[in-house]
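For reference, the structure is listed below as structure tokens.
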Amino acid sequence: MNDTHPPAWRQDFPIDWPQDHYVARRDFTKFLVLTSLPFALVQLGIGLVNWFRRDRGRWPVRAIAPLADIPVGSVLSFAYPDDNDPCLLLRLDDKTLQAFSQKCTHLGCAVTPDEDKKCLYCPCHKGFFALDSGRPLAGPPRRPLPRIRLENRDGIVYAVAMEVNPS
Amino acid sequence: MNHSLTREQMTTILQGILCLVLFVVLLQVWLLTATTNAWLGGDDSVLWPAAAASAACALVNCALLRCLNRLTV
Ligand code: FES
């Protein structure tokens, strides 16, 4: 066989593999750059959704229930700051009322009071929060539950603000 | 510049660009995961810095794509 000419099979199958690899990698790189833009847009979208959801710092005042209707040791659910934000009001003793957002600070499941252990419990990944402060006690959550500031006006309990304290 | 480069050199440069782009995209995936995690937990203080970082990553990737196009033209 003459070395200066490509073999016969090469003429029947004239694919330039290095060039093929080059083109494949180049197209893959372009595809990756294309996926990079939606990631940035989604991040901006999350920021905008959050911006429009917040009432720009002004919290509504919402009546929850008359104090006389909340027995000691009971738990009442209500919504604050709007109807899609479930919260829990706990009457721990005669003088102590606490209210927390019901959304777990891990991935947003609903927390429920755990009567036995005297804490708030998230069933999704077994997260526990303190009843008196909302701080995380065990499980994956790292931040305390947002606390609802309460006011007693003429015997009616009102929710007046939400305190989000990321740790 | 591209006329003087051999194909092997261009492939090497392309692989370098591909690695960088891949790294930046992975960084964006991580940013999105961490932001969503924090946001669902009620912490919205990280949203705008994370959005700015992700936009900067996208710009870096666009610049890399420009280099790539200049290489192959
Ligand atoms: S969502 Fe509550 S512990 Fe994961």
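These numbers come from a predicted model, not from an experiment.
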ILVMFWY network linking [X] to [Y], side-chain heavy atoms under 4.5 angstrom:
X: A:L41; Y: B:V46; value: no
X: A:F100; Y: A:Y121; value: no
X: A:F28; Y: B:V29; value: yes

(message) At a heavy-atom distance under 4.5 Å, which candidate from B:L59, B:L31, B:I17 has the highest pair count against chain A?
(response)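 When all of B:L59, B:L31, B:I17 are compared, B:L31 has the most.
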(request) Can you see which heavy atom on A:R143 is nearest to which on B:A38, and at what distance? (result)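 Nearest heavy atoms, A:R143 then B:A38: NH2-O, 3.5 Å.
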(request) Kindly give the heavy-atom pair with the smallest separation between A:R26 and B:L14, and that separation in Å. (result)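 Between these two residues, the closest heavy atoms are N-CD2, 3.7 Å.
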Value rounded to 0.5 Å, distance of [atom1] in [X] from [atom2] in [Y]:
X: A:S36; Y: B:L22; atom1: OG; atom2: CG; value: 11.0 Å
X: A:T29; Y: B:L20; atom1: OG1; atom2: CG; value: 10.5 Å
X: A:L107; Y: B:T36; atom1: CG; atom2: OG1; value: 10.0 Å
X: A:Y22; Y: B:R7; atom1: OH; atom2: CZ; value: 10.5 Å

(message) Report which part of A:D85 has an atom under 4.5 Å of a heavy atom belonging to chain B: side chain, backbone, both, or neither.
(response)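 For A:D85, no heavy atom lies under 4.5 Å from chain B.
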Would one find more than 12 heavy atoms of other residues, nucleotides or ligands at under 6.0 Å from atom [atom1] of [X]?
X: B:R66; atom1: CZ; result: no
X: A:D154; atom1: CG; result: no
X: A:R135; atom1: CZ; result: no

(message) A:L37 and side chain to side chain contact (heavy atoms under 4.5 Å, CB included): which single residue from B:C62, B:C57, B:S54 fits?
(response)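 Result for side chain to side chain contact (heavy atoms under 4.5 Å, CB included) with A:L37: B:C62.
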(message) If I measure from the heavy atoms of chain A, does B:Q15 come under 4.5 Å with its side chain, its backbone, both, or neither?
(response)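 Contact with chain A is through the side chain of B:Q15 alone.
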(request) Please look at B:T35 and chain A and tell me whether the side chain, the backbone, both or neither of the residue comes under 4.5 angstrom of a heavy atom of that chain. (result)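 Just its side chain gets close to chain A.
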(message) Looking at chain B, which one of A:N50, A:L44, A:L48, A:V42 has the largest number of heavy-atom pairs inside 4.5 Å, strictly under?
(response)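 Ranked by contacts with chain B, first place is A:N50.
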(message) Keeping A:Q43 on the side-chain end and B:L47 on the backbone end, is there a donor-acceptor pair under 3.5 Å?
(response)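 Absent.
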(message) One pair to check against side-chain contact (heavy atoms from CB on, under 4.5 Å): A:V49 and B:W39. What are the steps and the verdict?
(response) CA-CA 11 Å; A:V49 167; B:W39 188 46; 3.9 Å; yes
(request) Would you sort out whether A:V33 and B:L68 count as a side-chain contact (heavy atoms from CB on, under 4.5 Å), showing the intermediate values? (result) CA-CA 11 Å; A:V33 174; B:L68 182 65; over 6 Å; no
